[in-house]
Enquirer: 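Questions regarding the structure given below will be posed in turn.
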Amino acid sequence: VLGSFDGAGLPNALKVVDPSMANLRADGSWMVNGKGYARDEVLHRRALALPGETRGISVVELFRRVLSGELSAQDYQRRFYVDGGLPPAVVTINKPDVQPADLTKFRDTWREKMATSREPVFVPGDTTVTPLQVSNRDAQFLEGRQFSLTDIANIVGLPPYFVGAPGSSSIYSNIEDQRRDLL
């Protein structure tokens, strides 16, 4: 909270208050210890301000968000590749009288054939197989995942090459220089 102002418009005093005692109102004014203050009576230094947020966040909160995003991205990547996030193909059977049991049998035969060999699969003439591919959006997301190691290295204050981040290198240094840099 700023004190009285001198002739040059500078505050004569500054009282530091506990952030938990200060509340920012929707109109931009402040309530500090039950007393209201106009916007120009309070100096609010935000540590890190994210777009669209009126309050700053701590470095710990920023890193928590980065790590949460990284965990979500890892989960998405695991589900995409390990759990089959994208089916390999769409199979269309052009028969009006096809029964669910027939579809199940065809699916099971298809899976067995694809899992055990890379030989061609023959399908009846009234069946169309359309392969699916990763969309440009998904490919971009997966490519962007390589930056997460750099983010994590920055969080803990390490040079990216210490954690094996892609595109980083430690050329022109030896192990001793690297350890000295780390210290």
Side-chain angles (χ1 to χ4, degrees), residues 1-88 132-183:
V1 176
L2 303 176
S4 60
F5 294 87
D6 63 15
L10 300 172
N12 289 321
L14 175 71
K15 179 182 177 188
V16 178
V17 296
D18 182 353
S20 66
M21 303 303 290
N23 293 309
L24 177 62
R25 296 177 177 167
D27 64 357
S29 64
W30 289 85
M31 180 65 73
V32 179
N33 288 332
K35 182 179 177 192
Y37 292 91
R39 182 181 297 185
D40 59 348
E41 294 178 299
V42 173
L43 174 65
H44 177 218
R45 298 299 301 168
R46 299 184 290 185
L48 296 165
L50 299 177
E53 294 189 14
T54 56
R55 291 184 183 264
I57 62 171
S58 70
V59 174
V60 172
E61 173 63 14
L62 174 66
F63 293 155
R64 185 195 67 76
R65 291 182 186 186
V66 168
L67 290 174
S68 284
E70 173 59 22
L71 291 174
S72 296
Q74 284 179 2
D75 184 52
Y76 176 82
Q77 185 178 25
R78 180 192 53 77
R79 284 184 288 115
F80 189 87
Y81 285 112
V82 175
D83 299 341
L86 181 68
L132 295 179
Q133 297 178 344
V134 175
S135 70
N136 288 340
R137 181 179 174 196
D138 287 335
Q140 245 181 343
F141 170 78
L142 296 172
E143 182 180 320
R145 292 271 298 115
Q146 66 183 328
F147 294 112
S148 61
L149 280 176
T150 303
D151 291 338
I152 291 173
N154 289 334
I155 287 172
V156 296
L158 287 173
Y161 59 84
F162 268 77
V163 294
S168 64
S169 66
S170 60
I171 54 174
Y172 304 118
S173 66
N174 58 33
I175 298 294
E176 186 177 329
D177 290 339
Q178 290 175 2
R179 289 185 179 151
R180 188 177 302 121
D181 288 344
L182 182 59
L183 287 174

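Because only heavy atoms are used, hydrogens play no part in the values below, and waters and symmetry mates are left out as well, while side chains stay in.
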Enquirer: For N33 versus M21, what's the shortest heavy-atom pair and its separation?
Expert: OD1-CE, 2.8 Å
Enquirer: Quick one: pull up OG in S4 and CG in L10 and give me the separation to the nearest 0.5 Å.
Expert: 11.5 Å
Enquirer: Does W30 reach the side chain of L24, with side-chain heavy atoms less than 4.5 Å apart?
Expert: yes
Enquirer: Using salt bridge (charged side-chain N to carboxylate O under 4.0 Å, His left out) as the criterion, list what pairs up with R64, not counting sequence neighbours.
Expert: E61
Enquirer: With sequence neighbours left out, write down each residue that passes salt bridge (charged side-chain N to carboxylate O under 4.0 Å, His left out) with D18, or none if nothing qualifies.
Expert: none
Enquirer: Could you give the distance from CZ (F63) to CD (E70), rounded to the nearest 0.5 Å?
Expert: 14.0 Å
